[in-house]
Each structure stands twice: as structure tokens, then as C-alpha cells.
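Let me begin by presenting the structure, written as C-alpha cells, before commenting on it.
Naming convention: chains lettered A, B, ... in sequence-line order (proteins, then strands); numbering from 1 in each chain. Because only heavy atoms are used, hydrogens play no part in the values below, and waters and symmetry mates are left out as well, while side chains stay in.
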Amino acid sequence: MHNKTIAELARGLRSGEFSSVELTRIFLDRITQHQNLNAFVTVTPDQALAQAEAADKRLAEGSSGLLTGIPIAQKDIFCTDGVKTSCGSKMLDNFIAPYDATVVTKFNEAGAVMLGKLNMDEFAMGSSNETSYYGPVLNPWDTKTVPGGSSGGSAAAVAARLVPGVTGTDTGGSIRQPAALCGITGLKPTYGRVSRYGMIAYASSLDQGGPMTRTAEDAAMLLQTMAGFDEKDSTSVDKPVPDYLASINQKLEGLTIGLPKEFFGEGLDAGIAAIIETAVEEYRRLGATVKEVSMPNLKYAIPAYYIIAPAECSANLSRFDGVRFGYRCENPSDLTDLYTRSRGEAFGKEVKRRILIGTYALSAGYYDAYYLKAQKVRRLISEDFKKALSEVDVIMGPVTPSTAFGLGEKTGDPIQMYLSDIYTIAINLAGLPAISIPAGFLNAMPVGLQIIGQYFAEDRLLNVAHQYQQVTDWHQRSPKGFE
Amino acid sequence: MDNQKWEVVIGLEIHTQLATQSKIFSGAPTAYGAEPNVQACAVDLGLPGVLPVLNEEAVRMAVKFGLAIEAEIAPYSVFARKNYFYPDLPKGYQISQFELPIVGKGYLDIEVDGVKKRIGVTRAHLEEDAGKSLHEDFHGLTGIDLNRAGTPLLEIVSEPDMRSAKEAVAYMRQLHELVRYLEICDGNMQEGSFRCDANVSVRPKGQSEFGTRAEIKNINSFKFVEKAINHEIERQIDLIEMGGRVVQETRLYDANKDETRSMRSKEEANDYRYFPDPDLLPVSISEALKAQIKATLPELPGAKKLRFIEQYGQDDESATTLTSSRELADFYEQVVQQSGGQAKLATNWMTGDVLGALNKAGLDISHCPVRPERLSGLIKRIADNTISGKIAKQVFDKLWNGTATADEIIEQDGLVQITDMGAIEAIIDTIIANNQGQVEQFRSGKDKVFGFFVGQVMKETQGKANPAEVNKMLMAKLKG
């Protein structure tokens with residue numbers, strides 16, 4: 001049962017083959033069975049079973065939707081009314097959100113069943129899930145390696161079949177990179193496609209929520225529920241949401257694929273390069289033509305990102321001051337003591353590092369040299385993509401320079417850690433949609449293919465990904481011990 | 001201290017709370033005086049994950065203000081985060097505008113001792129108010145009330161164009177009058193709806209560079225603005241004349257002690273690390289929207305004053321008084337209209353008895369117990385000679401203290417002016433007959449005695465005789 005896709009489960013529920021309560025129990029049992037992965041911060045069995053019962057009722061009444069009765073889980077960055085929302089931080093270990101994020105509301109209205117909240121890097125800052133206050137998540141393909149981050153719990157849970165579909169968020173690669181390292185499908189939508197209301201902000205101009213599933217078809221089903229304008233989020237875009245399932249079966253004849261030469265240079269594992277080339281070959285067989293494109297400013301993406309994201313986070317995280325919610329130090333002697341100890345004791349090292357970088361970059365006398373310059377670079381990178389996407393339909397390349405690295409391998413070297421997002425970060429700076437899909441294995445570890453599309457072309461990306469998944473089976477492989 | 005040697009330079013920053021129903025970035029109400037924290041929603045509390053959504057009404061009000069001072073309205077303005085930690089600032093940053101404010105350069109005309117002057121407005125920008133820290137009743141702790149957090153403010157920054165505390169007060173009053181005319185701010189200074197910070201510096205007369213300025217915060221009444229600025233001017237001049245130097249700093253005005261004291265120096269000043277707020281889109285104001293808002297602009301104080309002089313024949317002082325608020329001006333015009341065009345009587349009564357009584361009772365015109373209908377009823381009876389001006393004052397007292405109309409009071413109290421000249425003549429004859437001594441005095445040249453006779457007649461008629469007629473007849477009879 002746990003190997004079925006969401007599409008298959010939805011059909012089974014509708015035909016009465018099994019109930020949502022049965023399904024929910026099976027997945028709750030698997031979560032308990034594989035606790036060692038540390039994929040969940042909070043499991044909510046009682047609420048889940050209540051939601052499952054309600055879903056079964058809707059299914060019986062015939063008032064069900066696409067996701068009614070389907071078990072899902074939320075990254076612990078989405079506020080859930082009455083359930084702890086930790087954002088992977090000691091700061092919010094005691095925080096019970098008093099409201100639902102828009103994305104959570106949408107899943108609830110669709111009748112999806114939330115099994116719990118997924119582990120993540122603290123405040124979504126990390127590429128390995130090792131910065132979580134709740135400890136690292138293990139990669140089900142090799143538990144000595146990281147699952148990627150920051151949506152590491154999300155990726156590991158789907159790969160290990162603990163839940164068929166989940167949410168993630170992606171600020172610099174936090175959906176795509178863990179999806180690649182765990183061998184699943186992860187879509188970062190266009191900035192503004194999914195509401196950010198109730199999604200705890202890391203870097204507001206880059207953050208975007210999206211689905212993480214095993215197949216592109218399942219991702220389409222989740223995105224259908226998540227996407228849409230939200231009047232509570234001024235940066236969400238008021239644009240109709242297309243029927244994503246309707247277009248996934250289109251053939252790919254005539255598709256033009258762009259390969260940026262900058263994606264295949266120094267630093268990319270040769271094994272990964274070979275896998276990407278094989279995948280591109282497969283697309284040729286499906287009728288696509290391939291073209292080299294160039295994006296000369298890509299090399300500045302990481303430095304620009306590590307100014308803009310920390311600058312925004314330095315302000316976004318100021319509200320965690322020990323005054324109204326979250327962690328407060330014991331017996332503060334005065335206001336400054338309250339601030340410095342509450343923040344000093346409850347934020348982890350990586351969070352502090354980024355707050356400091358951001359505060360510095362925004363300081364009087366440095367603003368122009370850092371923040372403004374980074375914004376200019378951001379525009380140049382967007383221009384590069386715009387130009388490339390005027391010549392081709394989609395851009396393809398690797399998601400990560402290597403497969404999953406060992407636990408603790410890069411924690412001492414932030415720069416090495418930051419470089420693991422080298423192929424994903426530019427897409428956030430440009431605000432474009434991109435998907436990561438399983439494309440093969442290197443030394444028995446999954447490798448992802450990244451497909452980048454035009455603004456709001458999620459339908460095209462899902463179509464291009466789905467067609468590949470019709471002729472390959474990488475996405476169907478399970479890690480040993482989780483079959 | 002020698003004031004003749006020094007020139008004072010003053011610029012004001014005025015925070016006006018915009019009179020919107022809900023907050024600038026959330027749907028919570030803005031009403032004043034609720035129990036602490038009941039008017040603070042998730043957004044105002046700065047809960048994790050919440051996002052601001054701009055209140056369009058606040059934007060319209062800012063544009064309205066900009067148009068009224070003939071300022072440039074930015075076609076594109078940007079909200080920025082102003083970062084600092086304080087317990088009543090929930091997000092750890094205030095959403096404000098920095099590089100691209102919504103209202104650019106404009107001006108306001110003031111008048112001090114009959115001299116007109118144009119004061120430049122540098123800019124006006126939208127921002128959210130913070131909450132309040134309450135230091136009493138918490139046993140050494142501080143209480144936080146976030147009801148005010150997120151209330152829309154328009155911060156109006158003047159050029160350093162003022163040269164005396166008097167000019168500063170005149171500017172502030174003019175602005176206060178304007179925002180109430182525009183109905184964008186209730187102007188209530190006790191409740192903090194209209195607050196002022198003053199930048200004050202002095203320089204030797206004739207010097208073109210500015211002196212070092214001090215910013216005085218927390219001055220919340222016209223009286224205090226004048227006192228605080230004068231106090232600061234004296235402090236700076238004394239300091240310099242004694243060989244000291246003014247340092248750039250923020251000073252707090254203590255109304256109880258009537259002094260300013262240092263709050264923080266320039267070195268201690270926050271680096272606010274402004275940057276554009278990524279949660280909000282830039283605000284764009286189209287020409288069409290500007291035109292639409294322009295059409296809703298009321299007649300402004302300056303234009304109204306000129307019209308009152310022209311249309312109602314008022315002198316400058318009366319026109320200034322009667323246009324000092326929109327309510328007062330509207331009240332006046334209703335009285336004129338309902339009294340059948342008795343502009344002069346209406347002016348005299350409004351600037352005299354009505355404002356006098358309001359002042360004494362500590363009321364403003366909107367709470368005047370005598371509404372235009374009843375006041376014009378009185379004025380009509382003065383105009384048609386039913387009652388004398390003197391009797392009218394009695395009637396006004398009764399109007400003020402009751403609900404009856406002027407006609408009812410005149411009727412009940414029998415106050416109708418005696419127009420029967422035969423009856424008055426009989427009274428005069430009796431008085432002359434009974435006071436021969438005074439008649440002699442008058443005839444021998446003591447004109448002052450005339451007043452005695454008038455008084456006697458008025459006493460006999462209980463003031464109901466027409467004074468002009470009485471004078472005429474008395475004079476004729478006494479001269480014999």
C-alpha cells in the first residue's frame with residue numbers, strides 16, 4: 001500500500017478499495033517503525049485519524065476532491081493551528097501556532113489528512129538538515145549520509161514511504177536539493193504562485209512553498225491544491241491556476257531544451273554530468289531538441305544570495321525577541337539581557353551566522369557595497385535567464401554537484417556547505433519555477449535532474465517531468481529496508 | 001544672553017495618525033481607548049509567518065494630504081523596514097518609507113503677527129505606529145499594549161524654514177487645521193493623534209551654514225512646543241556664549257519640569273539598517289487615482305478664509321477665527337443660510353457670544369448645545385427688531401441652558417420689544433416729571449446725565465424698548 005502513488009491512492013479511496021482511516025493507520029505505523037530517520041518533529045495521530053474519518057465521510061457522500069483522504073505532512077515551517085510549529089528551532093520549541101498557514105488551510109479544505117510536522121534545518125537555513133534543533137534527519141538511501149536541506153525531513157519521509165506527499169519550502173534550493181539527494185520529485189513554483197502567509201519567513205523575496213512527492217503527477221495534484229492568489233500575501237500573484245493534470249500527458253515533440261555551459265564546468269562530479277547527459281539523451285528520444293545556452297552571471301549567484309538572504313533574515317528573525325512568544329531566557333536582569341540571552345541561547349550557530357552577515361551587509365556605510373550590489377547582480381541573473389528562456393522552452397542541468405554527503409562532513413566548512421546549492425540558488429534569485437526529478441544513481445545514491453521553466457510554467461515543467469517518468473523508472477526505486 | 005546676535009533655525013517632524021477604520025497593514029480596528037491588546041491581531045503581534053497587507057485608505061489619505069499642500073505625489077513609492085529592537089515594536093522593525101516616500105516637496109503658508117511666510121514641506125511618508133510600554137502597575141516589570149501597533153501614521157517633515165518658536169507653533173497649527181479639514185486625522189493631541197518632534201539649532205546672524213541641531217522629542221501640545229523650543233534656544237545660546245558647543249543629540253521634553261534633557265547622542269543613535277520591505281509591493285499612484293482623489297478635496301482653509309472675507313464681508317480676524325476648523329465654518333454658514341443671510345449678525349454672534357460660551361465651558365463647536373437652527377432663530381428676531389441686542393443675550397443664555405427655541409423663550413418671557421411709541425412716550429414723560437433735578441443738570445450742559453434717563457426708561461420697560469427710538473425721543477423731550 002505504501003508504495004502506491006497519490007494518484008493511485010486517490011483512485012483506491014474513491015472506488016472504496018480501502019478507507020482513509022486504513023491508509024492513515026498504515027502510514028502512522030510506518031512513521032513509528034522508522035523513527036530512527038528523525039524525519040518528523042511532531043506526529044499528530046489523533047488529529048490525523050479524525051481528519052481521516054471526516055474524509056471517509058466525504059468520500060462516501062461523494063463530495064470529495066482530488067486529495068480527500070490522502071495522508072500528507074507539513075514541513076514544520078508552516079503554521080498549524082493548535083499544533084507545535086518549531087521551524088526546527090529551540091526558539092519555537094514551545095510555540096503552538098494560533099492559526100493555520102494558507103497552504104495548511106487549503107489542504108484541510110481539500111480533505112487531506114495531516115500526519116504531522118516534518119524536521120528541517122533551523123529556520124530553513126541549511127543544506128543538510130544538520131542545523132535542526134531536533135537533530136539531523138538520516139537519508140534512507142544511506143543513513144550515514146544527509147538527506148539534504150532544508151526540507152530534509154520532507155524528502156526523507158517521502159523517500160522512505162512514510163507519507164506519499166509533503167510540503168517543502170525552497171529559498172535557495174531547499175526543495176530541489178533534498179529531493180535530488182533522496183531520489184524523489186520536488187517542485188519549487190514561481191515566486192508568488194503559492195501563498196507565503198503562515199510560512200515562517202527566512203528570506204521573504206526568495207521563499208516559496210512547493211510539493212515534494214515521488215512522481216510529477218503527484219506533485220501536480222498537490223500543487224493544484226497549494227497554488228493560487230491569497231489576499232493575505234501581497235506578493236502572491238493574482239493569476240488563474242491551470243489544471244496541472246490536464247497537460248501532463250502532452251507529447252514532447254518540438255520541445256527545445258537549453259543546457260547552460262556554466263552548469264557543466266568545474267566542481268560538477270563527472271558521474272553526475274554523465275547521468276544528466278543520459279537523461280538529456282532520453283529527452284532527445286522523446287522528440288526534444290537540445291541547444292547550448294549561456295548565463296555568464298551565474299557565477300555570482302552564491303555571493304549575491306548570501307547577501308540578500310541573510311539581509312532579509314536579519315530583519316525577519318528580529319521578532320524572536322523573547323517578549324511575546326517562543327523561548328525566553330530565565331530571570332533576565334534587564335531588557336538587553338532579555339534580548340541577548342533569549343536570542344543567544346535559542347538560536348543555533350548557522351542562524352546566528354546569517355543574522356550577523358545580514359546585519360553587517362545592511363549597516364550604514366556597507367549597504368551600497370553589499371546589499372545594493374547584490375540586488376544589481378540579482379537583476380543581471382534574471383536577465384540571463386530571460387534571454388536563455390527566450391531561446392528555449394526549458395533549461396536542464398544538475399541539481400547538486402555531488403550525491404548525498406556524509407553526516408558531519410561539511411558542518412565545519414560553511415562555504416563547502418553553501419556550494420552544494422550552486423545549481424539551485426540562481427533560480428530563486430530569478431523567481432523562476434524549477435523541478436528536480438530522479439534521473440539515476442551514482443554509487444547507489446540518487447541523482448537529480450533539474451528542469452527550469454518560464455514564469456508560471458509549472459504546467460510545462462510537470463508535463464516535461466511526467467513524460468520522462470513514463471519512460472524511466474528511477475522515481476520508482478525504493479531505498480533498501482523501505483520497500 | 002544676547003538674542004539679537006543669534007538666528008534660530010527650526011524644522012518640525014509631525015506624526016499624524018490617519019483616521020482609517022483599520023490598521024495600515026492588518027484588519028484590526030484603530031479605535032482609541034480599548035482594553036490593552038484587544039485590538040491587536042496576529043499581524044499586529046508579529047506572530048511567526050504573518051504578512052502585512054497595505055490599507056488602501058491610508059494611501060488615499062496620504063495622497064489627499066499631498067495634493068492639499070501642492071506636493072509632488074510619487075508615482076512609485078516603496079515601504080522599507082526600519083530595524084531596531086524595542087518591546088513595543090513587535091517585529092523588531094517598523095514598516096516605514098525611506099528613500100521613496102509617497103509625498104514629495106510641498107508647502108504650507110503661515111502668518112505670524114500679520115506677516116505671511118511660506119514653509120516648505122520636505123516630504124511626507126506612511127508608516128506604522130508602535131505599541132505602548134506601560135511602566136506603572138507592573139511591580140518593576142514593563143507591560144506592553146499593542147493596540148496602537150500598526151496604526152497608520154503620516155510623518156510630515158518640514159524644511160528648516162522656521163526662525164522662531166512662534167513660527168513653529170503657527171506652522172503646527174496650520175497643519176493641524178489642514179489635516180482636520182481633510183478629515184484624515186482627528187487631531188486629538190491628548191490621545192497622541194498629532195505629535196511633534198522639533199529640530200532646533202542656532203547660528204550667528206548672517207552665517208549661512210546651519211548650527212548643530214538637537215532634536216526634541218515628545219512635545220504634544222501647542223503650548224509645550226513653544227515652551228520647549230524657546231527653552232532649547234536659550235540652552236543652546238547660553239552654551240555657546242559660555243564657550244561650549246552644541247552636540248547633535250536627541251533630547252526629551254519634560255512638560256512637568258519645563259526642561260529638555262539628553263536622551264541619546266549621535267554616537268549612540270541607532271543604525272536603522274533601512275532596506276525595502278520584501279513583503280510589500282511598491283505603491284504606484286496613477287494619474288487617474290490622483291485626479292479622483294483631487295475631486296474629493298474640500299475647500300481648504302486659505303481659500304475658505306478669502307471667500308468668507310469676500311462673501312460675508314468679514315474682517316481678517318473674524319475670517320481667520322471662523323475658518324479655523326471645518327466644523328466651525330460649516331456651522332457659521334448654516335447660521336447665515338438659516339437666518340436668511342444675516343452674515344454680519346452671525347459673524348458677531350459666532351465670534352462673540354458663541355465662541356465665548358464654548359471657551360468658558362471647554363467645549364468645541366461640535367458639542368455646542370445651541371445648534372445652527374436655534375441660533376439662527378435668535379438672529380432672525382434681532383434682525384427684524386422683535387428683540388433688542390441686549391435682550392438677545394438673555395435669550396442666548398436660555399438657549400444655551402435649555403432646549404426651547406428663541407421664539408418660545410421670547411413668547412414665554414414676554415420679551416418682545418415695545419414698538420408702541422405712545423406707551424414709551426408716556427413712560428418718558430413720567431420719568432422726566434419725577435426727576436426735575438436731573439433735567440436741570442442736563443439742560444445746564446451735563447450730557448452724562450442722559451445715560452441716567454436711558455437707564456430709567458429701560459428699567460421701566462424691562463429692556464424691551466427699542467434703544468434707538470428711546471434715545472431719539474428722550475433727546476427731543478429733554479432739550480424741550
> Measuring heavy-atom distances to chain B, does A:L335 have an atom under 4.5 Å in its side chain, in its backbone, in both, or in neither?
Replying inline: side chain
> Sequence neighbours excluded, which residues qualify as side chain to side chain contact (heavy atoms under 4.5 Å, CB included) partners of A:A101?
Replying inline: A:F78, A:V104
> Hey, which of A:A315, A:A97, A:C79, A:A364 has the most heavy atom pairs under 4.5 Å with chain B?
Replying inline: A:A315
> Heavy-atom count around B:R213 CZ within 6.0 Å, excluding the residue itself: above 12?
Replying inline: no
If the cut-off is 3.5 angstrom, what donor-acceptor pairs do you find between chain B and chain A?
| residue | atom | partner | partner atom | Å |
| --- | --- | --- | --- | --- |
| B:L45 | O | A:R324 | NE | 2.8 |
| B:G46 | O | A:R319 | NH1 | 3.4 |
| B:L47 | O | A:R319 | NH1 | 2.9 |
| B:P48 | O | A:Y99 | OH | 2.6 |
| B:G49 | O | A:G198 | N | 2.7 |
| B:V50 | N | A:Y99 | OH | 3.3 |
| B:P52 | O | A:S234 | OG | 3.2 |
| B:R81 | NH1 | A:N316 | OD1 | 2.8 |
| B:R81 | NH2 | A:N316 | OD1 | 3.1 |
| B:Y86 | N | A:Y339 | OH | 3.3 |
| B:P90 | O | A:R324 | NH1 | 3.4 |
| B:P90 | O | A:R324 | NH2 | 2.5 |
| B:K91 | O | A:R319 | N | 3.3 |
| B:Y93 | OH | A:R319 | NH2 | 3.3 |
| B:D271 | OD2 | A:A364 | N | 2.7 |
| B:D279 | OD1 | A:R196 | NH1 | 3.3 |
| B:D279 | OD1 | A:R196 | NH2 | 3.0 |
| B:D279 | OD1 | A:S204 | OG | 3.4 |

> Do you know which two heavy atoms are closest between B:F275 and A:A311, and how far apart they sit?
Replying inline: CZ-O, 4.0 Å
>> Only pairs of heavy atoms separated by less than 4.5 Å count here; which of B:V43, B:L45, B:L146 has the most with chain A?
In response: B:L45
